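Below is one structure; the comments refer to it alone.
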Amino acid sequence: MDTTTGGTPTIQYHNIPDQPIPSLVTSPVPQFQRQQRHCFGDSNPGEFPLSANPSIVLHVLTGCNLDPQDLAKLEAIMNILADIRIDDAADCIATCSFFRQPAHFAPDHELSLSELAALDMCQTRAIFKPMTAEERDNIKQRCGGSWKLVLRFLLAGEACSRREKSQAIAGPGHSIAVTSNGVAYSFGSNSSGQLGHGTTEEDWRPRPIRSLQGVRIIQAAAGAGRTMLISDAGQVYAFGKDSFGEAEYGAQGSKLVTTPQLVESLKDIFVVQAAIGNFFTAVLSREGRVYTFSWGNESKLGHQTEPTDLEPHPLLGALENVPVVQIAAGYCYLLALACQPTGMSVYSVGCGLGGKLGHGIRTDEKQPRLIEQFQTLNLQPVVVAAGAWHAAVVGKDGRVCTWGWGRYGCLGHGNEDCESVPKVVEALSQVKAVYVATGDYTTFVVSDDGDVYSFGCGESSSLGHNTAAAEGQGNRHTNVLSPEMVTSLKQVNERVVQISLTNSIYWNAHTFALTESNKLYAFGAGDKGQLGVELVANQTERANPDRVDINLS
């Protein structure tokens, strides 16, 4: 069993109370002859001190950064070997019966050692810590009755949504950046008060939202003229337009909110993520439940609501008892990445035009439906992205799948054909992907070595290609039908860990690239100040990645 990701792990012995040596060895270790025995045989105290205090082994396990799969393998191996009598006393420690019998120490006398190790690691997660005993038991049952599955659920949510880490959101005309310690910055278009600064004046300079001083933000979502921020206490703050639809093509709304306001209808739900579509908002609770509101009266998410309805409605059907770790909103549909005992899966609901729901047909789905193609491909999804009209997934093995409208080559298959089921991007077969982002007919992929590939619509230089072109030349706007490395980002000499790009059909796109040292780079359209960098003369965009002056550390 491989317990490391490379090199020798640093084992941390934490949460072990100081004990004098006599508490572990109560008498001198007697001389005894080598013989076959179990750890709980007739030995005197001190012969096998680990069996008397298995918490030592527990903390060795938790200090090795084991994942839930490692713990499950450990438990399976110990169940097989626990009855085997061996001569070597050192090997006996690894196979003694306390690995499968109740370990008589806190916190739970009924758990196996691997389950205790998983629970111990769950207790280190920021979202798990404030849960009550009842809430912890509920999430355990929702995840399949195992702390190993709860741990997998928590880790998956942190990984795909960059929870508790710095992040940048390239919204339609405005942008949000969140530092690793929870400070939210905003900049760009502000006609609806979507920057949260108490005004409606646009500003290219990134400024912290001062009314949230003292509130730690862990996640952000940006839509057309509206913004939502999630705090570490699970509270949701919203500002900007009070209704959905683009200003030019939908209802503007009668009320503008220019400073962050708590969403009262969500006060009883501990929210960890929000996603904004063109006609709706979806939020994800700590327990993995999805709620939607303001979808509109066509009930495309199974709800008969009005466009201004702010009451959250649980997304039931197939997802009623399935824990979700990530949600992604397109123009008129929603994707949900779910964590089940059998593995990770993706569900979709909403408008099916172009095949973007991934079911092989182009009809709407009013209730969440499992995308079965990933089972056929033997692919375990770990990150999901919903563009305006197309979608993408990264698998655990690093493969990338795309589906939906293929206009401008945004699916990366070398053509502009639509795909109604997820299809592996063969041009990336030599790349192990770890992250994917989608926008309006554009797609970005980040590899495990920090390289970035992009394809699709080249309008507004948002793909980052052809940056050597002189100003005024149009070849940097060329559409790209197959993945190409973004060499301009290679020049920053740092690994890229996140990409965010505009996901709106009515705004010119811009793109953010975040590096592992929390440096933020921007390129693409900047006519409203959404790049966070100052444009000169008649500039409306930046072809080369430009450093945004924000300290995200």
Side-chain angles (χ1 to χ4, degrees), residues 157 160-162 167 169-172 219-224 228 244 273-284 290-292 294-295 300-301 315 319 324-338 344-359 362 364-365 368-371 373-374 381-395 400-407 410-412 418-423 425 433 435-446 454-457 498-507 509 511:
C160 60
S161 300
R162 289 192 60 80
Q167 55 188 264
I169 308 298
Q219 204 264 336
M228 298 183 79
F244 288 82
Q273 190 196 348
I276 302 176
N278 194 65
F279 304 104
F280 69 99
T281 289
V283 297
L284 178 65
V290 181
Y291 298 82
T292 63
S294 301
W295 176 257
K300 288 185 178 178
L301 288 183
L315 198 56
L319 286 180
V324 172
V325 300
Q326 183 201 359
I327 53 176
Y331 182 81
C332 52
Y333 70 106
L334 181 73
L335 299 179
L337 178 63
M344 305 295 287
S345 54
V346 180
Y347 291 77
S348 62
V349 62
C351 174
L353 288 176
K356 58 184 176 291
L357 296 185
H359 304 305
R362 302 187 181 189
D364 297 348
E365 297 288 343
R369 179 178 172 184
L370 174 68
I371 299 179
Q373 181 67 7
F374 295 116
V382 293
V383 179
V384 62
W389 305 106
H390 73 293
V393 152
V394 171
V400 177
C401 289
T402 58
W403 67 96
W405 288 102
R407 193 176 181 187
C410 63
L411 301 185
C418 295
E419 298 290 344
S420 59
V421 295
K423 180 179 179 180
V425 181
Y435 192 85
V436 65
T438 49
D440 177 25
Y441 297 121
T442 51
T443 306
F444 278 73
V445 173
V446 181
S454 68
F455 42 98
C457 181
Q498 185 212 1
I499 292 286
S500 178
L501 59 153
T502 306
N503 189 6
S504 171
I505 64 174
Y506 299 125
W507 287 85
T511 305

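Fair warning: this is a prediction, and the values are worked out from it, not measured in the lab.
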Quiz item: Are D440 and T502 close enough, and set up right, to give a side-chain contact (heavy atoms from CB on, under 4.5 Å), and what steps lead you there?
Solution: CA-CA 7 Å; D440 177 25; T502 306; over 6 Å; no

Quiz item: Can you check side-chain contact (heavy atoms from CB on, under 4.5 Å) on L315 and L334, steps first, answer last?
Solution: CA-CA 11 Å; L315 198 56; L334 181 73; 3.9 Å; yes

Quiz item: Please walk me through it: do S348 and H359 pass side-chain contact (heavy atoms from CB on, under 4.5 Å)?
Solution: CA-CA 9 Å; S348 62; H359 304 305; 2.7 Å; yes

Practice problem: Test Y333 against K356 for side-chain contact (heavy atoms from CB on, under 4.5 Å), laying out the working first. | Solution: CA-CA 8 Å; Y333 70 106; K356 58 184 176 291; 3.4 Å; yes

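A donor-acceptor distance shorter than 3.5 angstrom exists from the side chain of N503 to the backbone of A388, with no hydrogens or angles considered. No donor-acceptor pair under 3.5 Å is formed between the side chain of S504 and the backbone N or O of P172. Side-chain atoms of D364 come within 3.5 Å of backbone atoms of G352 as a donor-acceptor pair (strictly under, hydrogens ignored).
In this view, R369 and E365 satisfy the salt bridge (Lys or Arg N to Asp or Glu O under 4.0 Å) rule, not counting sequence neighbours. Listed by chain and residue number, V436, T438 satisfy the side chain to side chain contact (heavy atoms under 4.5 Å, CB included) test with A385 (two or more places apart in sequence, or in another chain). Residues meeting the ring pair (Phe, Tyr, Trp, His ring centres under 6.0 Å) test with Y435, sequence neighbours left out: none.
Atom CG of L411 is separated from atom OG1 of T402 by 4.0 Å, given to the nearest 0.5 angstrom.
Between H390 and Y441, the ring-plane angle classifies as parallel under the 30° and 60° cut-offs.
In terms of heavy atoms, Q326 sits closest to C160 at CB-SG, 3.4 Å. For Y347 against S345, the heavy-atom pair with the smallest separation is CE1-OG, 3.6 Å. The shortest heavy-atom contact between G358 and P422 is O-CD, 3.6 Å. In terms of heavy atoms, S500 sits closest to A170 at OG-N, 2.9 Å. Here the closest non-hydrogen pair linking R162 and Q167 is O-NE2, 3.5 Å.
Within the 4.5 Å cutoff, side-chain heavy atoms of F455 are placed close to those of V445. Within the 4.5 Å cutoff, the side chain of V349 has no heavy atoms near those of the L357 side chain. Within the 4.5 Å cutoff, no side-chain heavy atoms of V400 are placed close to those of V393. By the 4.5 Å heavy-atom criterion applied to side chains, V325 and Q273 are not counted as neighbours. Within the 4.5 Å cutoff, the side chain of L335 has no heavy atoms near those of the L337 side chain. Between F444 and T511 there is a side-chain heavy-atom pair separated by less than 4.5 Å.
Of the candidates C410, C418, C332, C332 is the only one forming a side chain to side chain contact (heavy atoms under 4.5 Å, CB included) with W389.
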